[in-house]
Structures are given as C-alpha cells and as structure tokens.
Number of protein chains: 2
Amino acid sequence: MKVVTLEPSVADARTHAQVYDALSEDLIQGQIPPLMSVSLRTLAQRYGVSPMPVREAVRRLIAEKALELQPENKRLRVPHLTEHRLLQLMKARQWVESELAYLAAPRVDAELIQRLKDDDDTLMKALATGDVTAYMQANHDFHFCIYAHADADLLYDMARTLWLQAGPFMRVVFARMGTVHLPKDHHQDMIAAFERGDAEAVRASMAADVHEGMELMLDALRSQSEPDKKRRRAGK
Amino acid sequence: MKVVTLEPSVADARTHAQVYDALSEDLIQGQIPPLMSVSLRTLAQRYGVSPMPVREAVRRLIAEKALELQPENKRLRVPHLTEHRLLQLMKARQWVESELAYLAAPRVDAELIQRLKDDDDTLMKALATGDVTAYMQANHDFHFCIYAHADADLLYDMARTLWLQAGPFMRVVFARMGTVHLPKDHHQDMIAAFERGDAEAVRASMAADVHEGMELMLDALRSQSEPDKKRRRAGK
DNA sequence: CGTCCGGCATTGTGATCACAATATGCGCGG
DNA sequence: CCGCGCATATTGTGATCACAATGCCGGACG
C-alpha cells in the first residue's frame, strides 16, 4: 500500500490527530472498501508513524463505527452495511442533515452561494467525465460547507460520523453505477431556496437529496444480494 | 478517590472495554461532575489497572464527547455544557429518542410493560425519598429498556452518546432541584400508550418527556449564570 | 490430488519507559 | 499579609517490548 505523507502543514498537531484526519478522509472518500482488513502496524507503516498514534486514531474511529473489531477474529476491518443498518443511517441522515441545512439557511451569504454553485459545477463535470473520486469530493464539499454555516457543532459532528459510516459503501455504489444515474438535481433547488431565504424549502430539498442518495445505496445493496464474499487484504 | 473493582464477572472482556463501561456508567450517572479534571494515571489507579487501557477507553469517550481535552492545557476533564450546546442536545435527543420509542412501540410485550411500571415505581420512590442516584438510575433504565426493544442499534448508540454528554450536568440539576420539581408524569402516559399500541402517542409522550427534562436543565443553566468557576480536582 | 496438521508470521492488547509541557506548591521579597 | 518566581510533581504522548491468540502457508499422509 502506498505510503502517504500526512499533512505536514500543522506540525504542532498531535500525531494521532493527523492520523485520524488522514484515515477518516480516506474512509469518507471511500478509498478503503468495505470488508477490507487493516492492521495497526500496516497503517502505521502507511502513514510513516509508529503504531502508537494509530491505535488512538483507530480507537476513535471504532467508537464512531467507521471501523470495527470483529468479535470472533478480534481483527480490524471496515464494516459492512446491512440493509437494516443502512435504513437507520438513512433516517438519521435525513433528520440531521435537513436540520443542519434549515439552521444554515438564515446564515448563508453571497460567498457561500457562489461556492455552492462552483461545487455543483465541478460535481456535474465529475459526473460527465465519470470521475468517481472527484464526484465524491465535490458532493462532500457541497454538503459540509452548508453544514459548517449552521453554527451547530454537535449536529455537524453527528453528520460527519454518519458520512464516515456511509462513505466506503457510497463509493462502491457510485463506482458501480458508473455515475450514469443522476436522478434529479436537488442541489439546484436547494441553492435556489437558499437565495430566496426559504428555510423550509431548503430543509425539504436536503431531505429529498439525502433520501434519494440513500435509496440508491439501498437498491444497490438489495441487488447485489450475495454475489461476493471476497475479503480483500490490506497488503499492496 | 475510591478504588472501584470493575465488573469481575466477564474476565474475558478486554480491560479497556471494562474501563470504558465503568467510566461511562459513572458519567451517565453523573458521578463525575462537569469541569472535574481527571487524569489517565488517576483513573488507572482508581480502577486498579495500568494507564494503557485507560488511554483507550478515554480516547473513545473523547470521541463521544463525554470527555474533552482542553486545547490550551491539553488536560483531560468533563466538558461543561453551554446553552448553545444544550439546545442542540435537546433537539437531537427529542428526535432520536422519540423515534426509538416509536420503533419500539409495536415490539413491546407484557414483560416490558411490567418492567416499565416497576422502573417508574422505583423512580417515584426515589423522588419521594430524595435519592438522586436512585432516581438517575431508574430514569436511565426506564428509557433504555424501551430503546433496547427498538431493534435499532445505530439509533440506540446515538441515544447512549447523547446521554453520556448530558449525564454529568443532569445530575447537577436534579441534585439542585432536590427532586422536588416533578412537572408531569409522561412516563404514565407512555406506558398507557404502549398498552394501547398507539405508536404515535408513544412518540409524542417521549418527545414531551425529553423536552421537559431538557427544559429543566436549560432553566438551571440560565439561572446559575456565572456563580461558580470552581475547578474541582480528582484527588480525594 | 485432496485434506489435515504443524510451525511461523501477524494480529491486538497491555506494560513500561522517556520526554516535553504544564500545573502545583513552597518560600522569598515586598 | 499578599503577590511572585522557581523547583518539583504530574500530565498527555509516543516508542518499544512481551505475550497470547489467531491466520496463513506448506508439507505429509491418505
């Protein structure tokens, strides 16, 4: 596995925090597929640090259910999403993220609007070119630069945790879909609602957007049923 | 600080998990007041283990925001609840816990009903005698034996995390109130709704119960304003 | 050729040590 | 009596080692 230099910008930050940031970004972007096994020493080597800070970062990610410790194996891996769990994720995401959008609505400024439009642009471009990574990135940025304006750190962290859980599987789905399927652009509606200052419409758009995205994942989960039990390993 | 032997029943369980369980129970019960400083070595001594498993347990509790690492000090303590944060906690608790109650409604059996009645009994007794600890315990049991029936582990864990954050402050408030103030018994309504199988009524009762409890905490937070800046230490 | 089994490598966990940063407590000077 | 500064203790963090448990791989046997 490729060695990644982890954000040398803030040398002051604690190592385990840097590892956490790097690892969680990889997970949200879906760089590490579901059921992939990882190990403390492997990750330590990957990020060029000792196993110690990795243990702390991983412990936190386990608490956030972005990683799991298999009870029988006691080995570390990226969790698999069951339909049952995905349904709960959908409910939670719908409430948390529509609430966040609702809270952000009265606080948006022209700068945010422009940024949202730009993000949506790059998102559409990524869809056109079939660049899954760019799509994931743009979609993430679109949502979270809204949430950052809600001035609600607790809800923000809840949303982040939920994305952390959905991330790996989201990547798989969108990669499979080939980015062909673009159901309807709730993002445009949302931007328009922001410009009108219509908080309720913003909330509805966000709920619809999340619902549709998760519905896609749900379909993919149901269709794939039981084709593969492949347990990919971390080694190069 | 008193030394606590941590659940010798399951000797197989990992030490850090036992420490986590013990520590989180103490926090939910409000045994450790807000702004109390703790330290890895102190806790290790308290539970009779080495600092290592404590580090892991604490790391998880930090992730769940039941503990915080002061950015300036880099020292460990129980977080203080601001009004801003408490409002978010209230919103989140209302949604998550009323949803859990709603999901549990069709799954209740006679046994659960009886247990809820018993719990409510001991809760009333605790109120009468002014036993804050017993009240906290009974109230916690009442709520979570409902949530356990919802078959929704993700939402259940969200609720647990929210209680973890509210716990220490809840204790302070109820201790101050002297358990005198008993606004209205939503628990009775809820039990009745469970017996009727009226899921919507259950949801409403739970939302009202949570709302009222948090409103109490909100009042207490506003009234106390800025009386004390005491920073209690962990030492005996 | 298939299957079991035995040894080796790798895993997570816990303990202990080192270290820089900070708080704490004591004594001195005012 | 009160504030201030310095020495000491305590803190979180990271590194390294030990160990039991499990996975993995290869050879031997049927």
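Chain identifiers are assigned alphabetically (A, B, ...) following the order of the sequence lines, protein sequences preceding nucleic acid strands; residue numbering begins at 1 within each chain.
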S.K.: Would one find a side-chain N or O of A:S39 under 4.0 angstrom from OP1 or OP2 of C:dT11?
M.R.: yes
S.K.: Both A:R75 and A:P51 contact DNA chain D. Which one's nearest nucleotide lies toward the 5' end?
M.R.: A:P51
S.K.: The side chain of A:H16 lies closest to which of these nucleotides: D:dG12, C:dT11, D:dT13?
M.R.: D:dT13
S.K.: More than 12 heavy atoms of other residues, nucleotides or ligands under 6.0 Å from CZ of B:R160: is that the case?
M.R.: yes
S.K.: What's the CZ-P distance between B:R77 and C:dA23, to the nearest Å?
M.R.: 12 Å
S.K.: Quickly, which of A:Q165, A:M136, A:Q29, A:H140 forms a side-chain contact (heavy atoms from CB on, under 4.5 Å) with A:M170? Name it, please.
M.R.: A:M136
S.K.: Could you check which residues of residues 52-59 of chain B get a heavy atom under 4.0 Å from DNA chain D? Sort them by number, please.
M.R.: B:R55, B:R59
S.K.: To the nearest Å, how far apart are A:L69 CG and C:dT11 P?
M.R.: 13 Å
S.K.: Less than 4.0 Å between a side-chain N and a carboxylate O, is that true for A:D153 and B:R85?
M.R.: yes
S.K.: Report the distance from atom CG of B:L61 to atom P of D:dG12, rounded to the nearest whole Å.
M.R.: 14 Å
S.K.: If I take atom CG from residue A:N139 and atom CG from residue A:L123, how far apart are they, to the nearest 0.5 angstrom?
M.R.: 5.5 Å
S.K.: Step by step, would you call A:E64 with A:Y20 a side chain to side chain donor-acceptor pair (under 3.5 Å)?
M.R.: CA-CA 12 Å; A:E64 296 171 338; A:Y20 172 81; 2.7 Å; yes
S.K.: Please state how far atom OH in A:Y20 lies from atom C1' in D:dT13, giving the value in whole angstrom units.
M.R.: 19 Å
S.K.: Tell me the interatomic distance from B:K74, atom NZ, to D:dT13, atom P, rounded to whole angstroms.
M.R.: 9 Å
S.K.: Rounded to whole Å, how long is the line connecting atom CG of A:L76 with atom C1' of D:dA21?
M.R.: 16 Å
S.K.: Between D:dT13, C:dT13, D:dT10, which nucleotide gets closest to the side-chain atoms of A:R14?
M.R.: D:dT13
S.K.: If I take atom CE in residue A:M36 and atom P in nucleotide C:dT11, what distance separates them, rounded to the nearest angstrom?
M.R.: 14 Å
S.K.: Rounding to a whole Å, what distance do you find between B:R60:CZ and C:dG12:P?
M.R.: 17 Å
S.K.: Would you indicate which nucleotide in D:dT16, C:dT10, C:dT13 comes nearest to any side-chain atom of A:R41?
M.R.: C:dT13
S.K.: From the set C:dT11, C:dG12, D:dG12, return the single nucleotide nearest to any side-chain atom of A:T42.
M.R.: C:dT11
S.K.: Taking atom OH as the centre, does B:Y102 end up with more than 12 heavy-atom neighbours from other residues, nucleotides or ligands that are less than 6.0 angstrom away?
M.R.: no
S.K.: Please round to the nearest 0.5 Å and tell me the distance separating atom CD of B:E83 and atom CE of B:M90.
M.R.: 9.5 Å
